[in-house]
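In what follows, a structure is listed as structure tokens, so that the remarks can point back to it.
Because only heavy atoms are used, hydrogens play no part in the values below, and waters and symmetry mates are left out as well, while side chains stay in. Note that ligands are numbered from 1 as they come in the structure, with each ligand's atoms numbered from 1 the same way.
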Amino acid sequence: MKQRDSRIMSDMAHKIGIITAGGDCAGINAVVATIVKMGSAQGYEYIGFHKGWEGALSPMRYRTLDLESVRGISHLGGTILKTTNHGRFSAKIGRGEKHAIDPAILLEAKTNLDSLGIEGLIVIGGDGSLAGASQMADLGVNIIGVPKTIDNDLSTTDVTFGFSTAVSVAVEALDKIHTTATSHGRVFLVECMGRTAGWITLHAGLAAGADAILLPEFPLDLGQFVGFLEQHMQTHGSAVIAVAEGITLNLPSTMQDKENAENQMVGSSYTLMQMIETQFPGKFELRNVILGHTQRGGSPNAEDRILARRYGIAAFEAYQQGQFKTIVSMRSGQIVLSPLTGEIDVVKRVTKDNPIYQAAQKLGVYTN
Ligand code: F6P
């Protein structure tokens with residue numbers, strides 16, 4: 001694959017490969033449609049690979065993307081190209097650990113892209129997929145990255161599309177739980193996704209008026225939390241707790257050692273419920289609700305649609321200008337280009353000076 005030279009390439013059709021990789025989220029289709037729309041009028045051609053990087057490996061699976069094929073998809077959740085968060089190109093194992101992709105796999109992908117006459121790639125992915133993309137860029141493949149994850153935990157950008165929709169889903173659920181918790185006088189532990197980052201839990205918890213917000217970033221003192229619950233139940237009669245799936249429970253389990261531990265965080269609210277029931281029997285009537293993949297599915301909300309379109313436009317323009325090995329990012333409301341490096345998967349975590357965390361504290365919401 002050659003570095004693009006606009007003087008040489010100007011008379012030829014530019015063929016861009018699009019890859020949607022990693023866990024899906026709301027807004028991916030809007031990015032794909034925007035990129036295709038931006039370039040089609042200028043003669044760009046697009047190939048969309050099936051199931052992320054897997055489609056670029058042998059046997060290749062891909063389809064041509066044109067205006068017709070992306071019409072009416074921007075409001076749809078998921079990805080029309082399909083995706084996977086594991087597979088031969090996976091640059092991550094376990095909790096945030098990354099590894100170098102097998103050089104033979106990288107070479108196979110590069111050879112396949114060359115055989116299709118693909119000039120460069122726009123990769124829509126999270127930390128693992130973009131870490132993989134950076135290894136391809138190191139081989140000289142022209143790549144622009146677009147950050148995507150409901151977790152909003154990529155340091156490279158203030159915000160990822162999919163996050164706002166996930167928060168909206170969690171808020172709607174927490175609102176519903178409030179009424180049943182009140183009727184029954186129960187303590188509900190409502191588990192939000194986000195892996196080792198508590199952004200969804202924090203934002204949804206504050207927006208929905210959760211009584212406590214338990215985050216993975218800080219240790220949880222069980223005795224202190226139960227003390228809060230006791231007091232709160234006396235004054236309010238019920239409690240709704242937003243629990244991040246990644247909270248640290250100091251379990252003797254080997255969960256953190258397992259290869260795909262990231263996908264096994266689910267259930268921490270259930271474990272917490274069991275711990276409270278065992279260590280403080282009969283104190284509360286507890287229930288847990290795991291919101292799970294409802295936060296990833298469905299249509300993007302207005303904010304995510306706009307963000308997805310802005311990222312799509314920026315990715316195409318960066319491509320057109322030959323600004324490869326970069327990621328489109330948001331900094332203080334402005335789209336900027338950040339370098340696409342192996343450090344892409346540095347996790348952005350909630351800190352205690354975060355204004356949303358501070359707001360929760362000022363309102364008397366219990367936080368760990
Ligand atoms: O990273 C996105 C995410 O939805 C996390 O919030 C969650 O822990 C994980 O992916 C779930 O992965 P899977 O879809 O493999 O269950």
Side-chain angles (χ1 to χ4, degrees), residues 20-28 31 51-54 77-79 81-98 123-133 145-157 159-171 173 190-205 213-217 242-249 255-256 258-272 288-298 300 304 308 344-350:
T20 63
D24 71 345
C25 72
I28 298 176
V31 180
K51 270 197 168 238
W53 290 102
E54 282 297 302
T79 160
L81 294 174
K82 316 283 189 244
T83 188
T84 177
N85 56 6
H86 43 83
R88 290 171 286 172
F89 216 92
S90 184
K92 276 184 70 186
I93 48 166
R95 293 192 176 210
E97 301 152 37
K98 61 183 169 184
V123 181
I124 303 160
D127 49 0
S129 328
L130 292 176
V146 180
K148 154 230 68 101
T149 168
I150 63 164
D151 303 339
N152 198 32
D153 62 348
L154 292 175
S155 300
T156 186
T157 183
V159 64
T160 47
F161 63 88
F163 171 65
S164 175
T165 304
V167 170
S168 305
V169 170
V171 168
V190 183
E191 182 176 319
C192 303
M193 277 187 167
R195 298 190 302 184
T196 55
W199 297 107
I200 298 175
T201 311
L202 177 62
H203 283 240
I213 297 174
L214 305 183
L215 300 170
E217 282 84 355
V243 181
E245 64 176 357
I247 53 166
T248 310
L249 291 170
M255 199 173 122
Q256 298 189 4
K258 286 187 184 166
E259 195 169 287
N260 60 345
E262 279 188 356
N263 302 341
Q264 297 179 336
M265 288 181 189
V266 60
S268 56
S269 59
Y270 181 72
T271 310
L272 177 61
N288 81 303
V289 175
I290 300 174
L291 301 182
H293 295 79
T294 58
Q295 297 156 100
R296 289 232 305 252
D304 278 336
I344 177 68
D345 56 358
V346 173
V347 176
K348 178 180 70 190
R349 294 203 167 91
V350 176

As an exercise, identify every atom of ligand 1 less than 4.0 angstrom from a heavy atom of Glu245.
5 (C), 6 (O), 7 (C), 8 (O)

Sub-4.0 Å atoms of ligand 1 with respect to non-hydrogen atoms of Gly194
6 (O)

Looking at Asn85, which atoms of ligand 1 are within less than 4.0 Å of one of its heavy atoms?
12 (O), 13 (P), 14 (O), 15 (O)

Any residue meeting salt bridge (Lys or Arg N to Asp or Glu O under 4.0 Å) with Arg296, in chain and number order, not counting sequence neighbours:
Asp24

Shortest non-hydrogen contact from Ile124 to Val31?
CD1-CG1, 3.6 Å

Is Met265 close enough to touch ligand 1? Criterion: a residue heavy atom under 4.0 Å from a ligand atom.
no

Looking only at non-hydrogen atoms, find the nearest pair between Leu154 and Lys148 and report the distance.
CD1-N, 4.3 Å

Look at Glu245 together with Arg195 and state whether they make a salt bridge at an N to O cut-off of under 4.0 Å.
no

For ligand 1, the portion of Val266 having any non-hydrogen atom under 4.0 Å away:
neither

Min N/O separation Met193 to ligand 1 under 3.5 Å:
no

Can you name the atoms of ligand 1, numbered from 1 with element, that are less than 4.0 Å from a heavy atom of His293?
13 (P), 14 (O), 16 (O)

Residues passing the ring-ring contact (aromatic ring centres under 6.0 Å, His included) test with Trp199, sequence neighbours excluded, are none

What orientation do Trp53 and Phe89 show, parallel under 30°, tilted 30 to 60°, or perpendicular over 60°?
parallel

